[in-house]
Structures are given as C-alpha cells and as structure tokens.
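We count ligands from 1, going down the list as the structure has it; atoms in each ligand are counted the same way. Bear in mind the structure is a predicted one, so any value in this text is a computation, not a measurement.
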Amino acid sequence: MGGKEKGSGSLRLFVALDLPEGVRERIAAAVKKKAGLLPQARWVKEENLHLTLKFIGEYPEEKVERLEGILEKKALEHRPFTASLRGCGGFPSPGRARVIWVGMGKGEEEAASLASGLDSGLTRVGVKREARPFRGHLTLARLKNPMDCCSWLASLEEELSGLEEMDFQVREITLYRSVLSPQGPTYFPVRRFELGGKKVERD
Ligand code: 2AM
C-alpha cells in the first residue's frame with residue numbers, strides 16, 4: 001500500500017469504512033446532476049468518498065506500528081455487519097451548512113460502537129478522545145461560508161431515492177494516510193483490519 005515513505009516524521013491519519021464501488025457511483029451520479037446548482041461547494045472526489053470512524057490527525061510515524069496493534073485488536077472485537085446509506089443533510093444545520101453529507105441507514109449503531117471502541121482504545125497510544133458524539137456520515141462537499149442548503153438538499157434527497165436498498169457488508173476497517181495538496185487530499189490505505197466477531201478479553 002502506498003503513500004508511506006520513510007522518515008517523514010509524522011503522518012496525517014484516519015480510520016474509515018470503505019464503500020462498495022456501486023454505492024459510490026450511485027451517490028456520485030446523483031451529485032453530478034445537482035452540483036451545478038451549488039457552485040460554491042468543494043466536492044469530495046468519487047474515489048475519496050468514505051465514512052470516517054475516527055480522525056487521528058498528525059501522528060508520529062515511529063508509533064504507527066503500536067497504533068496498528070490497537071486497531072487490529074479493536075476490529076477483532078466487532079462482528080461484520082450490514083450497512084446502507086440514506087438521505088442527506090448539512091452540518092451544523094441544513095440552513096447554515098458548511099458540510100454536506102449523506103447519512104447512514106442500516107448499521108449506524110454498529111458503526112457508532114466501532115467508532116467508540118476505536119476512540120477509547122486509541123487513547124492508549126496518545127490519540128485525543130473525540131469531543132463530539134459520533135454521527136455516521138459521508139461528507140459530499142464542504143462550503144467555505146455557511147449557506148442555506150435546505151432546498152438543494154431536498155432535491156438531492158429525491159435523487160438519492162433507492163440508495164437505502166443498496167445494502168452492503170462491512171467486513172473491515174481501513175487506516176488511511178491523508179496527504180494534503182492544493183489540488184485536494186489524496187488518501188492512501190496504510191492497512192486494512194478485518195472485523196472478527198470474537199469477544200476479545202479486555203485489559
Ligand atoms: P468527515 O469528512 O467525515 O467529517 C479525512 O480527512 C477525514 O477525517 C475527513 O473525511 C473528515 O471527516 C475527518 N476529519 C478531517 N479533519 C478533522 C478534524 N479536525 N476533526 C475531526 N475529523 C476530521
């Protein structure tokens with residue numbers, strides 16, 4: 001897996017759920033039809049669409065192996081599960097949106113439990129605990145200035161009808177490295193961790 005040259009000191013990392021290509025394509029096709037009506041937005045590239053479970057941020061490269069150990073253990077504590085995506089919205093609110101997102105249908109509870117396990121486990125390797133409660137979402141776009149996106153979101157929601165029926169199995173989580181550039185971020189998978197379903201003893 002790429003993007004991990006030696007000696008860079010620190011890496012910008014996050015943990016995510018990947019989506020099947022069909023789901024990404026379905027969302028990208030809906031967005032393509034509507035994006036022209038929201039020219040202020042910076043859209044996430046189709047290949048970058050993912051569901052963040054835990055943002056780690058800049059992390060010392062020499063400690064990544066220990067961090068991977070925690071991810072491996074935490075992933076094994078969770079059973080694979082069925083998920084789907086549904087609807088859309090805006091953070092902090094649709095009327096003053098800075099982030100436009102697609103929500104989760106099935107599997108949100110499981111994703112939240114996975115995220116919370118990662119959040120507490122990673123404190124042991126120096127990662128800051130998440131201050132906000134987990135909200136399973138897939139970021140579609142970011143807006144520099146908050147905007148009233150209510151009617152735009154309503155029309156995207158129509159375009160996304162049927163998405164909820166596209167169930168998929170979550171069998172693994174991925175540690176990503178994010179490399180920022182003026183052209184936008186590139187995400188490199190560092191390592192994937194299979195979900196296990198075995199109850200692992202806690203220490
Ligand atoms: P989000 O888009 O799902 O909200 C990779 O940068 C991912 O990490 C992004 O998709 C973003 O999640 C999340 N992220 C980026 N910066 C963050 C920050 N400062 N705090 C929390 N999450 C962040």
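Taking distance alone, with nitrogen or oxygen atoms compared against 3.5 Å, Arg132 stays at or beyond that limit from ligand 1. Checking only distances, Ser178 never comes within under 3.5 Å of ligand 1, N or O to N or O.
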Intermediate values then yes/no, side-chain hydrogen bond (donor to acceptor under 3.5 Å, both in side chains), Asp18 and Tyr176: CA-CA 10 Å; Asp18 291 325; Tyr176 278 100; 2.5 Å; yes
Steps toward salt bridge (Lys or Arg N to Asp or Glu O under 4.0 Å) verdict (Glu159, Lys33): CA-CA 8 Å; Glu159 209 58 63; Lys33 285 195 188 165; 3.1 Å; yes
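Scanning the protein for heavy atoms near atom 4 (O) of ligand 1, the closest one is His137 NE2, 3.0 Å. Nearest protein heavy-atom contact of atom 10 (O) of ligand 1 is His50 NE2, 2.9 Å.
With 3.5 Å as the limit, one finds a donor-acceptor pair spanning the side chains of Glu58 and Ser10.
For atom 21 (C) of ligand 1, the nearest non-hydrogen atom from the set Phe55, Phe14, Tyr176, Tyr187 comes from Phe55. The option from Leu180, Thr52, Leu140, Leu13 that lies nearest to atom 12 (O) of ligand 1, judged by heavy atoms, is Thr52.
Salt bridge status for Arg96 with Asp148: absent, with no side-chain N to carboxylate O gap under 4.0 Å.
Without hydrogens or angle criteria, Asp119 side chain to Arg129 main chain gives no donor-acceptor distance under 3.5 Å.
Aromatic ring centroids of Phe55 and Phe14 lie 6.0 Å or more apart.
Residue contacts with ligand 1 do not include Glu130, since none of its heavy atoms lies under 4.0 Å from the ligand.
Each of the atoms 1 (P), 2 (O), 3 (O), 4 (O) of ligand 1 lies under 4.0 Å from some heavy atom of Thr139.
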